[in-house]
> 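Structure in structure tokens, see below.
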Amino acid sequence: MIMKWSAVAAAALTLTLSVPAVAQAAGPPASPAAAATVPQVLPIGVAVSALPLAAEDRTGYQRTSFRHWNAGEQPADGCNTRAEVLLAEAVAYPEIGPGCTLTGGVWWSYYDDREVTPAGALDIDHMVPLAEAWDSGASAWTPARREAYANDQGQPSSLVAVTARSNRSKADQDPAEWLPPSADALCRYGAEWTATKLRWGLAVDEAERDRLLDIAAGCGGTDVEYTPAP
């Protein structure tokens, strides 16, 4: 049964208020620098309630404001970010040819619960689309930070290999407007969307927050793990 978001928020607040006591019992707080590199794990309802709330504004957005795909995490390997994500997420590893051409290989698109091959049949989805990121706070970032966001491999949930069909169906929509067609994907998707927004300090609007809380209500036992972006 789906709970109203207000009930979930109340439960989340109770859990949030208990966190300082747990932290105190565990010992002294970590330094800000150390905290920034340690993964944070929260129950999904608490995590959603931690997201800042703000109206969205797409004024001035251009996809070219987010440079991608760049040379990736290992520029010397000759593979750009897209190829590196494909290699990281392969279920069966492809052969790597000249210019990082990928041949063979198998992937799993969890949005629509499908096995996919070859690599060309996949899109690399920005979990939180570039336009949505712009609406939610990235419009104030430097070009370098937007490039870092668009090529983020520091958190596996930020970029995900999925069928081109599901990615293009999603486009730039948030969870209030689009959810994966596979019912089994719902809790993971809600958690990964929330993790990406927390990682990058991005806001949610009311409709998006309410839908995420509805998802959280049906996903008891699901945690959100994220590491704040450098």
> Linking I/L/V/M/F/W/Y whenever any side-chain heavy atoms sit under 4.5 Å apart, do L53 and V224 land together?
yes
> In the structure I gave you, are the side-chain heavy atoms of D123 and R168 within less than 4.5 Å of one another anywhere?
yes
> Distance from H68 atom NE2 to D152 atom CG, nearest 0.5 Å?
13.5 Å
> Within the 3.5 Å criterion, strictly below it, is a donor on T163 or D112 matched to an acceptor on the partner's side chain?
yes
> Where do F66 and A138 come nearest, in terms of heavy atoms and distance?
CZ-CB, 3.9 Å
> Do the side-chain N and O atoms of S182 and D184 include a donor-acceptor pair separated by under 3.5 angstrom?
no
> Any chance you could measure Y226, atom OH, to T194, atom OG1, to the nearest 0.5 Å?
11.0 Å
> For the residue pair T81 / N151, report whether a side-chain donor-acceptor contact shorter than 3.5 Å exists.
yes
> Evaluate whether atom CZ of R145 has more than 12 neighbouring non-hydrogen atoms of other residues, nucleotides or ligands under 6.0 angstrom away.
yes
> To the nearest 0.5 Å, how far apart are CD in E56 and OG in S136?
4.5 Å
> Not counting sequence neighbours, which residues clear ring-ring contact (aromatic ring centres under 6.0 Å, His included) with Y111? List them please.
W178, Y189
> Donor-acceptor pair, E132 side chain versus P129 backbone, under 3.5 Å?
no
> State, to 0.1 Å, how close A191 and I44 come at their nearest heavy-atom pair, and which atoms those are.
N-CD1, 3.9 Å
> Counting C-beta onward and ignoring hydrogens, is there a side-chain heavy-atom pair between S139 and Y61 closer than 4.5 Å?
no
> Taking the hydrophobic residues Ile, Leu, Val, Met, Phe, Trp and Tyr, and joining any pair whose side-chain heavy atoms are under 4.5 Å apart, which ones share a cluster with V85?
W69, L86, L87, Y93, I96, L102, W107, V116, L122, I124, L159
> Only one of K170, R82, R165 passes salt bridge (Lys or Arg N to Asp or Glu O under 4.0 Å) with D125; say which it is.
K170
> Could you tell me which non-hydrogen atom of Q173 sits nearest to which non-hydrogen atom of S169, and how far apart they are?
NE2-O, 3.1 Å
> Are any side-chain N or O atoms of R199 and backbone N or O atoms of T227, one a donor and one an acceptor, separated by less than 3.5 Å?
yes
> Is W134 reaching over with its side chain to a backbone N or O of A140, donor-acceptor style, under 3.5 angstrom?
no
> Going by heavy atoms in the side chains, are W108 and R114 under 4.5 Å from each other?
no
> Can you tell me how far the CG atom of D205 sits from the CG atom of D57, to the nearest 0.5 Å?
12.0 Å
> Just checking, any donor-acceptor pair under 3.5 angstrom between side chains of E192 and T196?
no
> Show the nearest heavy-atom pair for residues S166 and S109, with the distance to one decimal.
OG-OG, 4.1 Å
> Salt-bridge test for E208 and K197: reply yes if a basic N is under 4.0 Å from a carboxylate O, no otherwise.
yes
> Measuring only between side-chain heavy atoms, which start at C-beta, is Q153 closer than 4.5 Å to E84?
yes
> Show the nearest heavy-atom pair for residues G104 and P94, with the distance to one decimal.
O-CB, 3.6 Å
> Could you check if a side-chain atom of Y149 sits within less than 4.5 angstrom of a side-chain atom of L130, using non-hydrogen atoms only?
yes
> In Å and rounded to the nearest 0.5 Å, what is the OG to CE distance from S157 to M127?
6.5 Å
> For D172, give me all partners under side chain to side chain donor-acceptor pair (under 3.5 Å), at least two apart in sequence or on another chain.
R58
> Which heavy atom of L202 sits nearest a heavy atom of A133, and at what distance?
CD2-O, 3.7 Å
> Taking the ring of W200 and the ring of W141, is the distance between their centroids below 6.0 Å?
yes
> Is E206 salt-bridged to R211, going by a charged N under 4.0 Å from an acidic O?
no
> In Å, rounded to the nearest 0.5 Å, how long is the span from CG of L212 to OG of S49?
10.0 Å
> Between E225 and Q40, is there a side-chain donor-acceptor contact under 3.5 Å, judged purely by atom types and distance?
no
